[in-house]
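Data first, discussion second: the structure below is written as structure tokens.
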There are 2 protein chains.
Amino acid sequence: MRVTIRDVARRAEVSVATVSRALGSPDRVSEATRDRVLAVVQELGYRPSPAARSLITGKTGAIAIVVPDLGNPFFTGLLKSVQARARETGHAVLVGDSDEDPATEQELVRTLAKQADGLLLCSPGIDDATITDLAGLTPLALLNRRVAGIGATVMDSAGGMREIVAHLAALGHRRCAYLNGPASSWSNHERLRGLRPAAAHHGLEIVELGPFAPRYEDGAPAADQALAAGVTAVLAYNDVMALGALARLRERGVDVPGELSVTGFDDLVYAAVSAPPLTTVAMPLAEAGRHAVDLVLAHASADPAGRLVTELPTRLVVRATTARVPGGLG
Amino acid sequence: MRVTIRDVARRAEVSVATVSRALGSPDRVSEATRDRVLAVVQELGYRPSPAARSLITGKTGAIAIVVPDLGNPFFTGLLKSVQARARETGHAVLVGDSDEDPATEQELVRTLAKQADGLLLCSPGIDDATITDLAGLTPLALLNRRVAGIGATVMDSAGGMREIVAHLAALGHRRCAYLNGPASSWSNHERLRGLRPAAAHHGLEIVELGPFAPRYEDGAPAADQALAAGVTAVLAYNDVMALGALARLRERGVDVPGELSVTGFDDLVYAAVSAPPLTTVAMPLAEAGRHAVDLVLAHASADPAGRLVTELPTRLVVRATTARVPGGLG
DNA sequence: GTGAAAGCGCTAACAG
DNA sequence: CTGTTAGCGCTTTCAC
């Protein structure tokens, strides 16, 4: 706004074109000129206007990410790594929080699409058709979701679920409850896709409860229902829900894992401080964020991005909320 | 990029100016014309280019926030409420994570300043002079920090600390450790500003340890030092650190609060699920975020913003990590 | 290697 | 109430 390219040009006694080149393609300017221009740039503290530049190049120098809940450490973990990678590539990051509302989510995408060179979408909520539609607006990369023809970075939920089931089965559990996340959530489907066959395979009966919102507060009613279902283990959709359930169980005097085993999903840092520390599945957040940024940027520059969808591995982390089934053979 | 204002103008058989007005100042266009234009806008899916608009108006329609660590729920809690408020006012939000590094922080501010109408800075790290300098670049609002002449929203750390001290003193503690946050952190100073006089007043001896980085992992060495210091209570700089310390203490078989009391600061959601649930001080994050956005926006539109700095109250939340001093009179 | 000039898409006077 | 016109700050042909 204050110091423009003309100020620099005048002071360096060159044309604005030369200033522009000195900054953008240093090798198309003589060394002497470049040094002089750069010195003036430094002296005046000149920074090109992103808006003006954007108007011409069509690039904004930003990427956007929209998530369902910034209160969930899973998404902020992703955001942190996205921000870091974006910075490395010289991009700013715009963030939108839809508060789990599909309509808001869509509006956010439509708005941010114009303000960013690419958009990362963590959207359990929107339907496939709409996503395909949205993908026409701007380079789009999905996180933890697959939609035909759209680039995505996913983490292996089904595999993680299989590990949980095997773990529980090995501990002698035969009747467990699964606390569903949002019904429309892709991640929830994936959990089920891993859970059901694995349970059948191990002869585990699964009582499905919910759906519940993936919020800490919703862990309480979920825990109550699980208790009423007469199971020996509870598999929660994610850590946040498991943590909420744990708090409720303690409130009701239920011994975890003595009377009831509990598992989460995500391995938030705080899973380690719960009482007791939570058995859960670790998600490769840092890698996923980095990967998704590269994916959307490649797409934005029409690079042949390589694989359209990449699946990153997950890993069971056994802590202290799972134990042998009560009254079992020990 | 694709459908421009001219396309709309042509299709609606009006001039581009009319389209612009129909969108921006609906009351300066006849109802009939407006409806026709709006219909075409709808039909074509036209959205004004933020870059072009920005170039003229000088407004970007975004506000930026830079924080030291997106992995800390304290900052993401703030971010969530900032995002919500920004959306209400029609602004996008840019986020920068400095990873606790002052140099990165400053670079982030300088970059984002050009891309936003205002900037919220959570900067424990940068020195006052630099902040004053930065404030010349763009409307700036500080969060949890006071610098002369600059708008700020702060939460009453000192007051919270006083409450903790009074609580601990009432439980019979006489020798406590304080785990310092970053030495240069304004919040840490504020904690001390509340702590020292209150401790003196209550006849409490304080062993100051650290500084430590306000990260979960740094809770472990902090806990070890506190243990070596032979105190009966440990006051951590914040919850994240307290949670890390708690994990370490459990690892070492120390009974909290039987042998040692522990307090945090911030009241993150996860403070309630720790083992045991953490006694801490609740910070008015939601209100602070909202307030800061309004402050910076008022500043950006040269409104007489009212109070330059607003202090929001904090509140002690007693949970289960504090108890009577061991061997006390019970 | 450098300069002049033409816009990028839009808003804001200024006329009518 | 509506149209014409002049840029916002910059990059990018196109000449020289």
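Each chain gets a letter, A, B and so on, in the order the sequences are listed, and its residues count up from 1. Since we're looking at a predicted model, the values are computed, not measured.
- In this model, the phosphate group of dT2(D) is not approached by any side-chain N or O of Ser15(B) to a distance below 4.0 Å at OP1 or OP2.
- Taking side-chain N and O atoms only, Thr33(A) has a distance below 4.0 Å to OP1 or OP2 of dT2(C).
- Residues Asp128(A) and Arg146(A) are not paired through a salt bridge, judged by the lack of any N-O separation under 4.0 Å between the basic side chain and the carboxylate.
- Looking at heavy-atom distances under 4.0 Å, Val19(A) makes no contact with the nucleic acid at all.
- Here Glu88(A) pairs with Arg85(A) in a salt bridge; the nearest charged N to carboxylate O distance falls below 4.0 Å.
- Look at CG on Asp35(B): it is 11 Å from P on dT2(D), rounded to the nearest Å.
- OP1 or OP2 of dC10(D) has not a single side-chain nitrogen or oxygen of Ser49(A) nearer than 4.0 Å.
- There is a side-chain donor-acceptor pair under 3.5 Å between Asp101(A) and Thr104(A).
- Atoms NZ (Lys114(A)) and P (dC8(C)) sit 15 Å apart, rounded to a whole Å.
- Counting to the nearest Å, the P atom of dA13(C) and the CZ atom of Arg28(B) are 9 Å from each other.
- Between the side chain of Arg21(A) and the base of dG3(C), at least one donor-acceptor pair of N or O atoms lies under 3.5 Å.
- Closest-nucleotide positions on DNA chain C for Val16(A) and Arg36(A) were compared, and the one nearer the 5' end corresponds to Arg36(A).
- One atom, CZ of Arg2(B), and another, P of dC8(C), lie 18 Å apart when rounded to the nearest Å.
- Between Ser30(B) and dT2(D) there is a side-chain N or O to OP1 or OP2 distance below 4.0 Å.
- At whole-Å resolution of the value, CD1 in Ile56(B) and C1' in dT5(D) are 12 Å apart.
- Remark: the Arg34(A) side chain and the dG1(C) base include no donor-acceptor N/O pair separated by less than 3.5 Å.
- Which of dT11(C), dG3(C), dG9(D) sits closest to the side chain of Leu55(B) comes down to dG9(D).
- What separates CD of Glu13(A) from P of dT2(C) is a distance of 13 Å, to the nearest Å.
- Of the listed nucleotides (dT2(D), dT11(D), dG7(D)), dT2(D) has the atom at the smallest distance from the side chain of Val29(B).
- A straight line from CZ of Arg47(A) to C1' of dT11(D) spans 19 Å, rounded to a whole angstrom.
- Both Leu23(A) and Ala52(B) sit near DNA chain D, but only Ala52(B) has its closest nucleotide nearer the 5' end.
- Atom CZ of Arg53(B) and atom C1' of dG9(D) are 18 Å apart (whole Å).
- Listed nucleotides dG3(C), dC10(C), dA12(C) differ in distance to Tyr46(B); the shortest reach to its side chain belongs to dC10(C).
- In this structure, Thr4(B) contributes its side chain and Arg6(B) its backbone to a donor-acceptor pair below 3.5 Å.
- In this structure, the side chain of Asp266(B) does not engage the main chain of Phe74(B) through any donor-acceptor pair within 3.5 Å.
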